[in-house]
Amino acid sequence: MHMKFDVAIVGSGLAGLSVALHLAQQRKVVIISKRALRDGASDWAQGGIAAVLDSHDSHDQHVRDTLVAGAGLCDESATRFIVSQGREAIEWLISQGVPFTRDSEAELGFHLTREGGHSQRRIIHAADATGHAVQVTLEEQVRRHPNITLLEQHIAIDLITSDKLGIHNGAPHCYGLYVQDVNSHQVLTIAADQTVLATGGAGKVYLYTTNPDTATGDGIAMAWRAGCRVANMEYIQFHPTCLYHPYAKSFLITEAVRGEGGLLKLPATAGAAAGQRFMPTHDERGELAPRDIVARAIDYEMKKRGLDYVDLDISHQPPEFLREHFPTIYARCLELGIDISKQPIPIVPATHYTCGGIVTDLNGRTDIHGLYAVGETAYTGLHGANRLASNSLLECVVLGRAAATDIERHAKHALPALPAWDESRVTDADEEVVITQNWDELRRAMWSFVGIVRTTKRLERAQHRIALLKEEIDEYYTNFRITRDLLELRNLVEVASLIVSSALSRRESRGLHYSLDFPDTLPKALPTVLAPVRKLPPRR
């Protein structure tokens, strides 16, 4: 089956929906979502969106905080561009109807909170479920727009480029992609003048993550296979505070809990040291230090004392304050028997954000004409060696609009004939155990060998195991009909390989990448940029 659109957007988080809504008045748009529209990481975002919205704050302060958190690796021009667009981005979301938490005494009329690494209160939020509020609002707009087609339960397979079509008259072009209907297993050929990758990050490459099941690095892997550069893949952010509980899967405790006075303490299992704060011994900013420092401090204390978790205590705040500011966390913890107004929250670090990604410019353009990338799947240079809290949703809105504006500048053009998906040489898999076994082995290897603290020996072990897994998965992909699990596993192993290659090439410790073999920071900060070898089919 063939379909044709002006713009194909892969991913339905804030970045993808922002692009779609900015384009829909002028273009026919399709949004491809491998599950339901709201099943991505944007819907899970608790804290809020960072922007300069108060006269006591300034763009320079926001930029400085971002550069400090990024440990010298942020692109300052990209940072200034994104920060300078912050207020306009927030005003656009307000105009769409996003119900941010109000504060009659605030200048803009909305409550601003503060998170780790920020020197000012600049986080606008909708209680402690900002992402959900934004996604619900934008989804309503998207669903009723006549120029937007929604393909839910459809997973992207691969991009269709000029190289794959044997067209070699200059720089490579993207003409669309192959997509599988998850329910019917039918593969669609989607032609598009422009294709936008907004597929989010790759948290599921690790055993423990705050990310939803959709975070399998699909866009990064597809772009890499198509010939795009990727950068800073070694910078995987571990959120310091994920709920530790046997019956809670990937439940994040927002940064704002520490921003509102939450203290990290040693748990009862620490013996005589139980109840003691430990962050002041690791950093003068204490609990408000950037995430990489806090995550490493928790990891250090857990390993040093043989702990399974540490405590995050905000019980000194009144119950009505906690119910107002953190209703989702308060209710969820209470369901699990934890009253956060009376007792601390047990937490552990977990994989949270992919700071690197597909190399783009500030219009979202990649190395391939007609292909854009926005949001967590892209690398703009904003996040550097460590993402500053709540800058990610800001980047989604700002770069989403920038990409849409750039796409509008291009006239529609004729596309070459695109071949249908060929399944003539494959069969149905006789068993699925290869996929489940390899998925588990990959995530455990990444957690054990490519975690918060790394060594060259661990990374080399991971590289060896990933190479074997990749070979086995590629063989499976070649011989059997595709499924969503197989496609996600294929993408995850590709991304894992990129993370390890990037980590091995960085001979220093900086930001989120900490190596016991290279504990010092080099005097000059340079991004890690990987470029694929362009594989051209032979000329006929």
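In this chain, residues are counted from 1 in sequence order.
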Enumerate, atom names and distances included, each donor-acceptor pair closer than 3.5 Å involving a side-chain atom of residues 23-30, sequence neighbours excluded.
from, atom 1, to, atom 2, distance (Å)
Q25, OE1, H145, NE2, 2.7
R27, NH2, I407, O, 3.3
R27, NH2, E408, O, 3.4
R27, NH2, H410, O, 2.7
K28, NZ, N147, OD1, 3.0

Side chains of [X] and [Y] in contact at under 4.5 Å (non-hydrogen atoms):
| X | Y | answer |
| --- | --- | --- |
| V450 | R458 | no |
| F100 | I49 | yes |
| H239 | E255 | yes |
| Q237 | D292 | no |
| T189 | Y178 | yes |
| V10 | D218 | no |
| V187 | I482 | yes |
| T427 | N479 | no |

- Task: Begin with the C-alpha distance, continue with both residues' side-chain angles, and end with the deciding distance and a verdict on salt bridge (charged side-chain N to carboxylate O under 4.0 Å, His left out) for E441 and R465.
- Result: CA-CA 9 Å; E441 187 176 340; R465 282 162 173 74; 5.6 Å; no

- Item | Reference residue K204; test side chain to side chain donor-acceptor pair (under 3.5 Å); the match among D213, T209, N211, T351 | D213

- Message: Applying side chain to side chain contact (heavy atoms under 4.5 Å, CB included), can you list everything that pairs with E508, at least two apart in sequence or on another chain?
- Response: R506, R510, T521, L522

- Item | Residue list, side chain to side chain contact (heavy atoms under 4.5 Å, CB included) with A503, at least two apart or on another chain | E234, R454, L459, H513

Please give me the minimum heavy-atom distance between [X] and [Y], naming the atom from each residue.
| X | Y | answer |
| --- | --- | --- |
| T216 | N491 | O-CB, 3.6 Å |
| T354 | A202 | OG1-N, 3.1 Å |
| N391 | A50 | OD1-CB, 3.6 Å |

- Pairs in or reaching into residues 187-225: which pass ring-ring contact (aromatic ring centres under 6.0 Å, His included), with residues at least two apart or in two chains? Y206-F238, Y208-W447

- Using the ring-ring contact (aromatic ring centres under 6.0 Å, His included) rule, collect all pairs that involve residues 474-506, keeping only residues at least two apart or in two chains.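 Passing the test, one end in residues 474-506: Y476-F480.
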
Restricting to pairs with a member in [range], which pass salt bridge (Lys or Arg N to Asp or Glu O under 4.0 Å), not counting sequence neighbours?
| range | value |
| --- | --- |
| residues 374-398 | none |
| residues 130-140 | R38-E139, E139-R143 |
| residues 2-13 | K4-D193, D6-K412 |

- Query: Out of L388, D75, T79, which one pairs with L382 under the side-chain contact (heavy atoms from CB on, under 4.5 Å) rule?
  - Reply: T79

- Criterion side-chain contact (heavy atoms from CB on, under 4.5 Å) against V98, the qualifying member of I124, I90, V136, T137: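 Answer after filtering I124, I90, V136, T137: T137.
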
- Task: Would you check if the side chain of T210 reaches a backbone N or O of L252 as a donor-acceptor pair within less than 3.5 Å?
- Result: no

- Item | Backbone of T130 reached by a side-chain donor or acceptor of H132 within 3.5 Å |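 Judged by distance alone, no pair lies under 3.5 Å.
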
- Task: Assess the side chains of N438 and R490: does a donor N or O sit below 3.5 Å from an acceptor N or O?
- Result: no

- Are D422 and S424 close enough that a side-chain donor and a side-chain acceptor fall under 3.5 Å?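 Yes, S424 and D422 have a side-chain donor paired with an acceptor closer than 3.5 Å.
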
- Task: Step through the shown structure and confirm whether more than 12 heavy atoms of other residues, nucleotides or ligands are within 6.0 Å of CZ on R481.
- Result: yes

- Do other residues, nucleotides or ligands put more than 12 heavy atoms under 6.0 Å from the CD atom of E475? no

- Quick one: side chain to side chain donor-acceptor pair (under 3.5 Å) partners of E91, sequence neighbours excluded?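 Checked E91 against side chain to side chain donor-acceptor pair (under 3.5 Å); matches are R87.
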
- Could I get the full list of ring pair (Phe, Tyr, Trp, His ring centres under 6.0 Å) partners for H22, not counting sequence neighbours? W92

- Does H125 have any ring pair (Phe, Tyr, Trp, His ring centres under 6.0 Å) partners at least two apart in sequence or in another chain, and if so, which?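 Checked H125 against ring pair (Phe, Tyr, Trp, His ring centres under 6.0 Å); matches are H111.
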
- Query: Salt bridge between R401 and E88, side-chain N to carboxylate O under 4.0 Å?
  - Reply: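 Yes, this pair counts.
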
- Counterpart residues, salt bridge (charged side-chain N to carboxylate O under 4.0 Å, His left out), relative to D361 (two or more places apart):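 Listed in chain order: R365.
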
- Message: I need the E472 CD to I435 CD1 distance, nearest 0.5 Å.
- Response: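 Nearest 0.5 Å value for the CD-CD1 distance: 11.0 Å.
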
